[in-house]
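Report on the structure given below.
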Amino acid sequence: MDIEYVMPEPGAPDAEALFEEGCRALAEGREEAQELFERAVALAGSAMLWRIVDPHVEEFDVRAAKWMRRAVRTLGVPGGIEVHPGTLRIVVRRGEPESQYWEIEVRSFAEDRAAVVRALEAAKLRITRIAHDGRELSDAELEAEYEAGGYFYTPNYVAVERDPVPRIEMDCKDGIMPHMSRTVIAVVIEELAAAGVQRAGLCTGLTPKPS
């Protein structure tokens, strides 16, 4: 999905100010929150979409799933490695965002299947180091995080399944983490390209395993 950028008028709020005001409006139940978020996206681009998911999750707002789909839709390359908007989707139950599916299937031509599996195995090693905030951590950064004792989260485990469709599964305790999602999808795309896979589709199945 293309994002139409706009230039702010002199003295107008910037994207960060609009985002912060949108968060306050959402917490207070004001409908103008959505307009404020849309204006922030128009100024900041697709990166803002991922940030907007978080306050909706914090407020148990069902629209978290819609913003997540919009964010995911910005990834991939049409006619190349494409990403279905329901990939790593948020699960809504009883009108609230409850959890997230942590599984990505890669659908490709049969002749690319072996390369897809190699790519997922390479992605697996990297995904184990992706933190909840989307950072891909090095050994030194992981050690520093542990020593600091602050909060950070990486997947409990990551596994690659070859059949019936190559896929990568993550145990993230059903947590909703849009920034981790963004980096996970980006890593899978990068490794598929590195393995020589030019056309493929990423998606999350209708009934993935619970994580």
Side-chain angles (χ1 to χ4, degrees), residues 14-20 22-24 26-27 37 40-41 43-60 64 67-68 70-72 74-76 81 83 87-91 97-104 106 116-161 166-195 202 204 208-211:
D14 61 16
E16 190 64 27
L18 289 166
F19 172 73
E20 292 176 359
C23 290
R24 286 191 290 271
L26 185 67
F37 287 138
V41 171
L43 289 173
S46 60
M48 182 61 74
L49 292 169
W50 301 92
R51 294 184 63 192
I52 291 171
V53 178
D54 279 332
H56 286 84
V57 173
E58 292 170 4
E59 296 298 330
F60 303 100
W67 284 104
M68 183 71 173
R70 283 185 60 182
V72 171
T74 66
L75 302 177
I81 298 174
V83 184
T87 304
L88 299 184
R89 65 186 175 275
I90 292 173
V91 180
E98 181 183 79
S99 59
Q100 185 175 352
Y101 286 136
W102 288 96
E103 175 183 304
I104 299 176
V106 181
V116 167
V117 173
R118 288 197 305 272
L120 292 181
E121 291 289 355
K124 170 184 170 181
L125 299 176
R126 296 175 61 185
I127 289 171
T128 59
R129 299 171 177 274
I130 297 175
H132 66 284
D133 57 8
R135 291 176 298 154
E136 186 177 353
L137 303 173
S138 65
D139 286 341
E141 289 168 333
L142 274 171
E143 185 175 350
E145 289 286 352
Y146 283 122
E147 290 179 353
Y151 174 78
F152 82 104
Y153 179 83
T154 57
N156 288 39
Y157 79 84
V158 183
V160 173
E161 298 291 339
R167 66 188 184 277
I168 193 160
E169 301 172 352
M170 294 145 278
D171 178 4
C172 294
K173 301 303 180 188
D174 292 335
I176 301 176
M177 292 171 277
H179 303 290
M180 178 188 281
S181 304
R182 182 187 188 186
T183 308
V184 165
I185 294 170
V187 164
V188 172
I189 292 172
E190 288 173 11
E191 294 298 341
L192 286 169
L202 276 57
T204 296
K209 294 180 181 178
S211 61

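The closest side-chain heavy-atom distance from Leu88 to Met170 is below 4.5 Å. The shortest distance between side-chain heavy atoms of Ile81 and Val188 does not fall below 4.5 Å. Contact check for His56 versus Leu26: side-chain heavy atoms found under the 4.5 Å cut-off. Side-chain contact between Glu191 and Arg126 is present, with at least one heavy-atom pair separated by less than 4.5 Å. In this structure, Val72 and Ser181 have side chains that are not in contact, with every pair of non-hydrogen atoms separated by 4.5 Å or more. Looking at Met180 and Cys172, their side chains come closer than 4.5 Å, going by heavy atoms from C-beta outward.
Taken to the nearest 0.5 Å, the CG atom of Leu125 stands 7.5 Å off from the CD atom of Glu121. To the nearest 0.5 Å, atom OG1 of residue Thr128 and atom CD of residue Glu136 are 9.0 Å apart. Interatomic distance, Asp171 CG to Glu103 CD, rounded to the nearest 0.5 Å: 12.5 Å. Going from atom CG of Asp133 over to atom CZ of Arg135 covers 4.0 Å, rounded to the nearest 0.5 Å. Between Gln100 atom CD and Met68 atom CE the span is 4.5 Å, to the nearest 0.5 Å. The distance from the CD atom of Glu169 to the CD1 atom of Ile127 is 11.5 Å, given to the nearest 0.5 Å.
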Dump the intermediate steps for side chain to side chain contact (heavy atoms under 4.5 Å, CB included) on Arg51 and Met48, then the final yes or no.
-> CA-CA 5 Å; Arg51 294 184 63 192; Met48 182 61 74; 3.9 Å; yes
Please report the C-alpha distance between Ile168 and Val158 in whole Å, then the side-chain angles of each, then the deciding distance to 0.1 Å, and finally whether the side chain to side chain contact (heavy atoms under 4.5 Å, CB included) criterion is met.
-> CA-CA 7 Å; Ile168 193 160; Val158 183; 3.6 Å; yes
Just do the side chain to side chain contact (heavy atoms under 4.5 Å, CB included) check on Thr74 and Trp50 with the steps written out, would you?
-> CA-CA 10 Å; Thr74 66; Trp50 301 92; 4.3 Å; yes
Step by step, work out the side chain to side chain contact (heavy atoms under 4.5 Å, CB included) result for Leu202 and Leu75.
-> CA-CA 10 Å; Leu202 276 57; Leu75 302 177; over 6 Å; no
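Under a cut-off of 6.0 angstrom, the local environment of CD in Glu143 is sparse, with at most 12 non-hydrogen atoms contributed by other residues, nucleotides or ligands. More than 12 heavy atoms of other residues, nucleotides or ligands shown are found within 6.0 angstrom of OH on Tyr151.
Residues Val57 and Pro97 come closest through the heavy atom pair CA-CG, 4.2 Å. Pairing each heavy atom of Ile176 with each of Glu98, the nearest pair is CD1-C, 4.1 Å. Taking each heavy atom of Val160 and Leu120 in turn, the nearest pair found is CG2-O, 3.6 Å. Smallest separation of non-hydrogen atoms from Asp174 and Trp102: C-NE1, 4.3 Å. The two atoms that bring Arg129 and Ser138 nearest to each other are NH1-C, 3.9 Å, heavy atoms only. Closest approach of Ala195 and Arg118 over heavy atoms only: O-NH2, 4.3 Å.
The backbone N or O of Thr204 lies less than 3.5 Å from a partner atom in the side chain of Arg89, making a donor-acceptor pair.
Taking the six-membered ring for Trp and thresholds of 30 and 60 degrees, Phe37 and Phe19 have ring planes inclined between 30 and 60 degrees apart.
Exactly one residue among Leu137, Val184, Thr154 makes a side chain to side chain contact (heavy atoms under 4.5 Å, CB included) with Ile130. That residue is Val184.
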